Amino acid sequence: QVQLVESGGGLVQAGGSLRLSCAASGRTFSSYAMGWFRQAPGKEREFVAAILWSGGSGYYADSVKGRFTISRDNAKNTVDLQMNSLKPEDTAVYYCAADRAGWASKDDNDYDYWGQGTQVTVSS
């Protein structure tokens with residue numbers, strides 16, 4: 001069992017930056033791929049970024065590529081999402097998720113554990 005807790009959300013002006021963090025409990029965190037998803041009001045949850053258990057540069061949705069960076073620290077059981085050049089359309093609840101199979105999938109159905117979410121609001 002893995003428990004995930006997100007933090008770092010808030011209100012920021014367009015063009016600004018935020019850094020989201022996800023803290024995971026459980027000794028098997030380092031073997032899981034991790035992902036970030038988001039859900040805006042009235043919309044379906046969508047993929048943002050994912051990273052393999054071993055780290056690396058990550059995988060990104062086209063809408064955030066070049067602006068967002070995912071990273072992880074297996075020693076600290078954390079995965080972060082650095083968000084730069086934020087736009088109003090980035091406004092959403094952001095969720096951290098863990099994938100036991102380790103594929104870093106873009107499909108939220110492939111993820112086994114979810115955090116409670118953190119609100120990001122970007123004003124124009």
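What you see is a predicted model; the values in this text were computed from it and never measured.
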**Student:** When you measure from the side chain of Thr91 to the backbone N and O of Val122, does any donor-acceptor pair fall under 3.5 Å?
**Tutor:** yes
**Student:** Between Asp110 (side chain) and Ser105 (backbone), is there a donor-acceptor pair under 3.5 Å?
**Tutor:** no
**Student:** Quick check: do Phe29 and Asn74 have side-chain heavy atoms less than 4.5 Å from each other?
**Tutor:** yes
**Student:** Does Arg67 count as lying over the ring of Tyr60, i.e. NZ or CZ under 6.0 Å from the six-ring centre, within 45 degrees of the axis?
**Tutor:** no
**Student:** Is the side chain of Arg72 donor-acceptor paired with the backbone N or O of Leu52 at a distance under 3.5 Å, no angle test?
**Tutor:** yes
**Student:** Check whether any side-chain heavy atom of Leu20 lies under 4.5 Å from a side-chain heavy atom of Arg38, and answer yes or no.
**Tutor:** no
**Student:** Is there a chain of hydrophobic side chains (I, L, V, M, F, W, Y, each step under 4.5 Å between heavy atoms) that links Trp53 to Phe47?
**Tutor:** no
**Student:** Which atom pair, heavy atoms only, marks the closest approach of Ala33 to Ala104?
**Tutor:** CB-N, 3.3 Å
**Student:** Got a second to check how far Met34's CE is from Asp99's CG, nearest 0.5 Å?
**Tutor:** 9.5 Å
**Student:** For Cys96, does its backbone N or O pair with a side-chain atom of Glu6 as donor and acceptor, under 3.5 Å?
**Tutor:** yes
**Student:** Quick one: do Lys87 and Asp90 make a salt bridge, cutoff under 4.0 Å?
**Tutor:** no
**Student:** Looking at side-chain heavy atoms only, is the closest gap between Met83 and Trp36 below 4.5 Å?
**Tutor:** no
**Student:** Is any side-chain heavy atom of Ile70 less than 4.5 Å from a side-chain heavy atom of Phe68?
**Tutor:** no
